[in-house]
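Please read these numbers as outputs of a predicted model, since none were measured by experiment.
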Amino acid sequence: MLDKNYNPKDFEEKIYERWETDGDFKPDMKSDKDAFCIVIPPPNVTGILHMGHALNYTLQDILIRYHRMLNQNVLWQPGTDHAGIATQMVVERNLAKEGISRHDLGREKFIDTVWQWRKQSGGTICKQLRRLGASCDWSRERFTMDEGLSAAVRKIFVKMYKDGLIYKAKKLVNWDSKFMTAISDLEVIQKETVGKMYYYKYPIEGEESEYIHIATTRPETMFGDTAVAVSKDNEKLKHLIGKNAVLPIINRLIPIIADDHADPEKGTGAVKITPAHDFNDFEVGRRHNLPLINILNPDATLNDNTPFAGLDTQTARQKTIEKLEELGLMEKIEDHPMVIPYGDRSGVVIEPMMTDQWFVDAPKLAKEAIRVVETGDMEFVPKSYEKTYFEWMRNIQPWCISRQLWWGHQMPIWYTEDGTIFCEETEEEAQAAADKHFGRHVTLTRETDVLDTWFSSGLWAFSTLGWPDENSEYLKTFYPTSVLVTAFDIIFFWIARMMMMSMYAMKDVPFRKAYIHGLVRDEQGRKMSKSKGNTVDPMETIENYGADALRFFMAAMETQGRDINMSESRIAGYRNFATKLWNAARFGEMNEARPVKDFDADMVKQAVNKWIVAKAKEATLEVSRNLDSFRFSDAANSVYQFVWGTFCDWYIEMIKPILYGDNETAKQETKATFAWVMDRILVILHPFMPFITTELWDNLAARDDKLIKHTWPQNEVIDEQSAQALDMVIDIISTIRSLRAEMNLPAGAKLKAYVKDASATELLHIKDFANIICSLARLENIEALSGVASSDMVQTVSGSLTILIPLKGVVDFAAERERLQKELAQLDKNLAGYAAKLSNANFVERAPAKVVEEEKRRQSEALANKEKVEAALARIANL
RNA sequence: GGGUGUGUAGCUCAGGUGGUUAGAGCGUUACGUUGACAUCGUAGAGGUCGCAAGUUCGAGUCUUGCCACUCCCA
């Protein structure tokens, strides 16, 4: 017996454990069924499930469960990402609590500590994923730093190096002074702020009283200036070109050069050039062969090339201004809106810095990655995202992949003492190569830099499936994977890199489709963030409403190309939906509606049963169609509407007279049909609400198979004919209910109803379903009107037939007149519309015949109704 | 500055190829202890579909312009 109340806590976790121990998430490698595979976007090991994850993983699980039930060979490949900076940060923070820095430990011990930490607390998010119901094959869980994936990283790296796609270069890069590492362009966040613009002047060499006026937001960088640029079209200043300016304070001479980077209209028209600390200036420097002077230490304090060595930039800026003021060179300071780059993880100001770094030749790799999207080998859903992708890929810059961190894949690069580079997968191979090259034994030191986390994530689609083992069964079966599901903000970080790396290594796309979803925002539509304090913890939501409710919410809200606003009331609504289903199942249980073996739904005789069978098949088809095209909300709403609106609101109510009646044959058939529909509901709802459906599946009957592996019905024949009679009945009942409400008829008043203008078939139906109509519309009786309508009858119209209810003494006929007048007005309005259309020669000529016919039909129907209403009005005119 | 979206009921949002009286949930109003369910049922109110032109027999849907906002990239 089912419990009286739906209580998800009682069974959700238990059910998940059983699935997992039974191996239900594992693919069947012996089958030759179509393969369906999703690789999980690996969460950071440091991660804690947030609503964005909940959305992302719910959508994937829906697809996975659906395809598993379609009888395909399904793999959802799970794993986590080592998340270089994020993880190192977490572990360093822990160490700091004990007053230890990573340098105290040294590299090796620190890395040990990270692994230890990972062992202890790195599994949190995977546990949470289980709580959500994610049916990943955990036996295949991977980690971007595990042995297999590390081997893949080394292999690719060496191959790319040898192909000239990875190279070392001294370039200006984004320097994060907190972690003391380079980061990629993508990890830099540009923030708008109001800063200051400083105006001051440099003396000119050999000119007593002439100055060149400078405007800058960063005066402290002047010690790195190696030129002042002026446009050659700048009439006021061009006479200075070729002369030297004197850098104040340190009295170094720098040339005044002609370069269009200096816009005559902006600022003072003259720009100080600091090639080692500004991306634009770097380009100017290259055009003019200017020297580069680095003025910063790795921690972003000023170095010995300045008079303010050891000071941070802010303090140095103050000192510089003070000095300039002392020298009488400072002119003014103004507020100035500007954009400042920050590290996305560290939150500190990013400094452009000249360093030796390693780069991937992304522009070259991008070509194939662009081509396969152009040809449709990989499709974005929604399609509009391919624009974003192309935009980025066609303007892609070399990708800086080296990080001066400790936690990550150490680059397989070795140097000899003279700096010759050897790149091999192992130290032995590197040693051998080096020895061979020099013809003697040489000493090698390994590159200390590690790789950008996204380098290993870029291999995820094939490295998790077994690559570099080309014979891996999983790789052969599941690559390319079927679909990738991810948020749009990760297109550049991940999708782009996966596309490039996969095309390079596998010569094929990593996935056939990329489904891109939006962000989960708070109830007001603001971005969720810890600092705003508006985050909602999915675990808490699951605790309160059950995982099924949260999942259904995510599915029902997911419409392509739009963000989702969190809504507790809505989640509560889907919990209510689960309760509703639970109670419907209990109703079945109480009425002994148990599944009947070999029950053939196509053979039912009772009209209600025929009707619900057709509706159930229709709903199934809708869910399938919508899931096939990633229309999650439409799919969810199809089930919702069927379960609540069709099955509970109508079918259950309509079968009550049968169940409580004495026609045994009809009763048996109805019980069996009820059970069949209930099973069908469990099947088509399972991808969305796996827990409650499984709980009911297991409790309502002894089964031959598990719901999770039950076959999804396909290619069913739907008997649309059989649905019509009941649709008419529903219409009649609704019409009478409306009438009762509008006339304020007491709920308890049992009324008689008469039908007029009904066809023979309609009358037959009404006779057949009289008990249903009477019970649901609270009538005493319904029958065909014999003779003329009496003047005390209230009239309403349902479809083409007229329903009359005698109400002498019960009703206020003035109110009835008013109601009919209202109805008449509406009819007149519609009729005017039809007439206008149909009298328009253009419409009749050009619109498709079908549309014109339909319009005519509506017109005649409305006309007929109008006559009826007018007759009714005339009839009660004197009451 | 370049690009991309969005604007529909009080709120949050649906409305693949243009075609009934524009839908849902929540909220709201009235009624209801109808033998699964008050985590419920029945009925209702509520919309100039951002604004203005255009294409079309017909526009929430297509085109153009404008306004407001979101996001991405400089």
Side-chain angles (χ1 to χ4, degrees), chain A residues 2 4-7 185-186 190 279 339 382 384-385 387-388 390-392 395 488-489 491-492 518-519 521 523-527 545 549 553 556-591 593 625-626 629 631 633-634 636-637 640-641 644-645 648-649 652-653 656 659-660 674 733-748 775-778 826-827 829-830 833-834 836-848 850-852 854-855 857-859 861-862:
Chain A
L2 291 172
K4 180 152 174 25
N5 295 310
Y6 162 65
N7 196 348
D185 297 344
L186 284 175
Q190 308 284 349
F279 287 100
V339 176
S384 55
Y385 281 106
K387 270 190 205 163
T388 317
F390 284 140
E391 183 75 17
W392 159 261
N395 297 303
F488 70 87
D489 56 344
I491 292 180
F492 306 138
L519 260 42
R521 299 170 172 276
E523 306 231 4
Q524 282 80 44
R526 296 171 307 182
K527 220 167 168 171
Y545 300 100
F553 168 79
M557 296 301 286
E558 174 59 18
T559 52
Q560 295 182 4
R562 215 171 166 134
D563 289 345
I564 290 178
N565 289 1
M566 212 49 217
S567 162
E568 187 160 357
S569 66
R570 217 160 167 138
I571 293 174
Y574 292 124
R575 188 269 325 273
N576 295 355
F577 173 61
T579 308
K580 185 81 182 171
L581 176 66
W582 186 266
N583 284 311
R586 282 181 55 229
F587 174 81
E589 208 176 38
M590 287 171 188
N591 288 283
R625 241 195 331 242
N626 286 319
S629 48
R631 301 175 69 88
S633 71
D634 288 340
N637 288 328
Y640 184 95
Q641 178 50 41
W644 202 316
C648 292
D649 285 350
I652 290 186
E653 295 308 324
K656 279 177 182 172
L659 292 177
Y660 306 144
F674 181 101
I733 295 168
S734 303
T735 309
I736 297 176
R737 279 174 175 171
S738 282
L739 180 78
R740 294 186 72 115
E742 267 179 87
M743 302 266 62
N744 277 322
L745 301 180
S775 98
L776 297 192
R778 319 217 80 211
Q826 182 62 44
L827 281 167
K829 197 182 138 203
N830 292 349
Y834 303 140
K837 267 192 183 177
L838 288 166
S839 65
N840 182 340
N842 279 326
F843 172 72
V844 180
E845 263 168 50
R846 297 190 203 184
K850 222 176 86 187
V851 175
V852 178
E854 179 61 20
E855 203 70 15
R857 195 193 59 74
R858 280 176 211 146
Q859 186 185 38
E861 190 181 282

- request: Send over the distance from A/Leu519 CG to B/C72 P, rounded to a whole Å.
  value: 9 Å

- request: Report the C-alpha separation of A/Met557 and A/Arg570 in whole Å, then their side-chain angles, then the decisive distance to 0.1 Å, and conclude whether the side-chain contact (heavy atoms from CB on, under 4.5 Å) test is met.
  value: CA-CA 10 Å; A/Met557 296 301 286; A/Arg570 217 160 167 138; 3.4 Å; yes

- prompt: Is there a donor-acceptor contact under 3.5 Å from the side chain of A/Glu523 to the main chain of A/Asn565?
  reply: no

query: Can any side-chain N or O of A/Arg778 pair as donor or acceptor with the backbone N or O of A/Arg740 at less than 3.5 Å?
result: no

field: Pairwise distance CG(A/Asp649) to CD(A/Gln641) - rounded to 0.5 angstrom
entry: 8.5 Å

- prompt: Who passes side-chain hydrogen bond (donor to acceptor under 3.5 Å, both in side chains) against A/Arg586, sequence neighbours left out?
  reply: A/Asn583

task: Using the P atoms only, state how far B/U33 lies from B/A52, rounded to an integer number of Å.
output: 50 Å

- prompt: Run the side-chain contact (heavy atoms from CB on, under 4.5 Å) check on A/Phe674 and A/Leu659 step by step: do they pass?
  reply: CA-CA 11 Å; A/Phe674 181 101; A/Leu659 292 177; 5.9 Å; no

- request: May I have the distance from A/Arg740 (atom CZ) to B/G44 (atom P), rounded to whole angstrom?
  value: 14 Å

message: Roughly how many Å apart are B/G58 and B/C73, using the P atom of each and rounding to a whole number?
response: 44 Å

- prompt: Is any side-chain N or O of A/Asn565 closer than 4.0 Å to OP1 or OP2 of B/C13?
  reply: yes

- prompt: How do A/Arg778 and A/Glu391 order along RNA chain B: which one's closest nucleotide is nearer the 5' end?
  reply: A/Glu391

field: Pairwise P distance for B/G10 and B/U63, with rounding to whole Å
entry: 28 Å

message: Of the listed nucleotides (B/A36, B/G25, B/U42), which one gets closest to any side-chain atom of A/Asp649?
response: B/U42

- prompt: So what's the dot-bracket for RNA chain B: Watson-Crick or G-U pairs under 3.5 Å, [ ] if a pair crosses, | if it pairs off-strand?
  reply: (((.(((..((((.....[...)))).(((((.......))))).....(((((..]....)))))))).))).

field: Pairwise P distance, B/C11 and B/U28 [rounded to whole Å]
entry: 15 Å

task: Describe, in one word, how the ring planes of A/Phe553 and A/Tyr574 are oriented to each other, choosing from parallel (under 30°), tilted (30 to 60°) and perpendicular (over 60°).
output: tilted

Integer angstrom distance from the P of B/G47 to that of B/U8: 15 Å

- prompt: Roughly, in whole Å, what's the span from CD in A/Glu568 to C1' in B/G27?
  reply: 15 Å

message: Looking at A/Trp644, I'd like to know whether one of its side-chain N or O atoms comes within less than 4.0 Å of OP1 or OP2 on B/A36.
response: no

- line: Interatomic distance, CG@A/Asn576 vs OG@A/Ser569, rounded to 0.5 Å, equals 10.5 Å

query: Which nucleotide in the set B/G5, B/U12, B/G44 lies at the smallest distance from any side-chain heavy atom of A/Lys387?
result: B/G5

query: Nearest of B/A43, B/A36, B/C26 to any side-chain atom of A/Arg737?
result: B/A43

query: When the distance from CD of A/Glu558 to C1' of B/A24 is rounded to whole Å, what number comes out?
result: 17 Å

All N/O contacts under 3.5 Å from nucleotides 14-23 of chain B to the protein, with atom names and distances to one decimal?
| from | atom 1 | to | atom 2 | distance (Å) |
| --- | --- | --- | --- | --- |
| B/A14 | OP1 | A/Thr559 | OG1 | 2.9 |
| B/A14 | OP1 | A/Arg562 | NE | 3.0 |
| B/A14 | OP1 | A/Arg562 | NH1 | 3.4 |
| B/A14 | OP2 | A/Arg562 | NE | 3.4 |
| B/A14 | OP2 | A/Arg562 | NH1 | 2.5 |
| B/U20 | O4' | A/Arg858 | NH2 | 3.3 |

- request: Mind checking A/Gln641 for me? I need base, sugar-phosphate or nothing, with any heavy atom below 4.0 Å counting as a touch.
  value: nothing

task: Look only at the side chain of A/Asp563 and the backbone of A/Leu519, and say whether a donor-acceptor pair between them is shorter than 3.5 Å.
output: yes

- request: Specify the residue among A/Ala584 and A/Asn576 whose closest nucleotide of RNA chain B lies further upstream toward the 5′ end.
  value: A/Ala584

statement: Per atom distances to the A/Lys580 side chain, the nearest of B/C72, B/G41, B/U12 is B/G41

field: Distance between C1' atoms of B/G27 and B/G44 (Å, rounded)
entry: 15 Å

- prompt: Using a cut-off of 4.0 Å on non-hydrogen atoms, how would the nucleic acid contact of A/Ile652 be classed: base, sugar-phosphate, or nothing?
  reply: base

- prompt: A/Ile491 CD1 to B/U4 P: how many Å, rounded?
  reply: 14 Å

query: Given the rule in the side-chain contact (heavy atoms from CB on, under 4.5 Å) test, do A/Tyr6 and A/Arg575 qualify, once you have shown the distances and angles that lead to the verdict?
result: CA-CA 9 Å; A/Tyr6 162 65; A/Arg575 188 269 325 273; 4.2 Å; yes

message: The side chain of A/Arg586 is closest to which nucleotide in this list: B/G41, B/C37, B/U39?
response: B/C37

- request: Report the relative orientation of the aromatic rings in A/Phe577 and A/Trp644; use parallel for angles under 30°, tilted for 30 to 60°, perpendicular for over 60°.
  value: parallel

- prompt: Which listed nucleotide (B/A43, B/A36, B/C71) is nearest to the side chain of A/Ser734?
  reply: B/A43

task: Give the rounded distance in Å between these two atoms: CZ of A/Arg521 and C1' of B/C13.
output: 14 Å

Between B/G60 and B/G7 - P atom distance, rounded Å: 15 Å

field: side-chain N/O A/Ser738 vs B/G44 OP1/OP2, d < 4.0 Å
entry: yes

field: Pairwise C1' distance for B/C62 and B/U55, with rounding to whole Å
entry: 8 Å

message: Over all strands shown, is A/Ser569 touching base, sugar-phosphate only, or nothing at heavy-atom distances under 4.0 angstrom?
response: sugar-phosphate

Value in whole Å for how far the C1' atom of B/U42 lies from CD1 of A/Ile733: 12 Å

- prompt: Does A/Tyr660 make a side-chain N or O approach to OP1 or OP2 of B/U34 shorter than 4.0 Å?
  reply: no

- prompt: So what does A/Tyr6 touch, heavy atoms closer than 4.0 Å: a base, only the sugar-phosphate, or nothing?
  reply: nothing

- prompt: Whole Å only: how far is the CZ atom of A/Phe279 from the P atom of B/C73?
  reply: 15 Å

query: Roughly how far, to the nearest 0.5 Å, is OG of A/Ser775 from CD1 of A/Ile733?
result: 7.0 Å

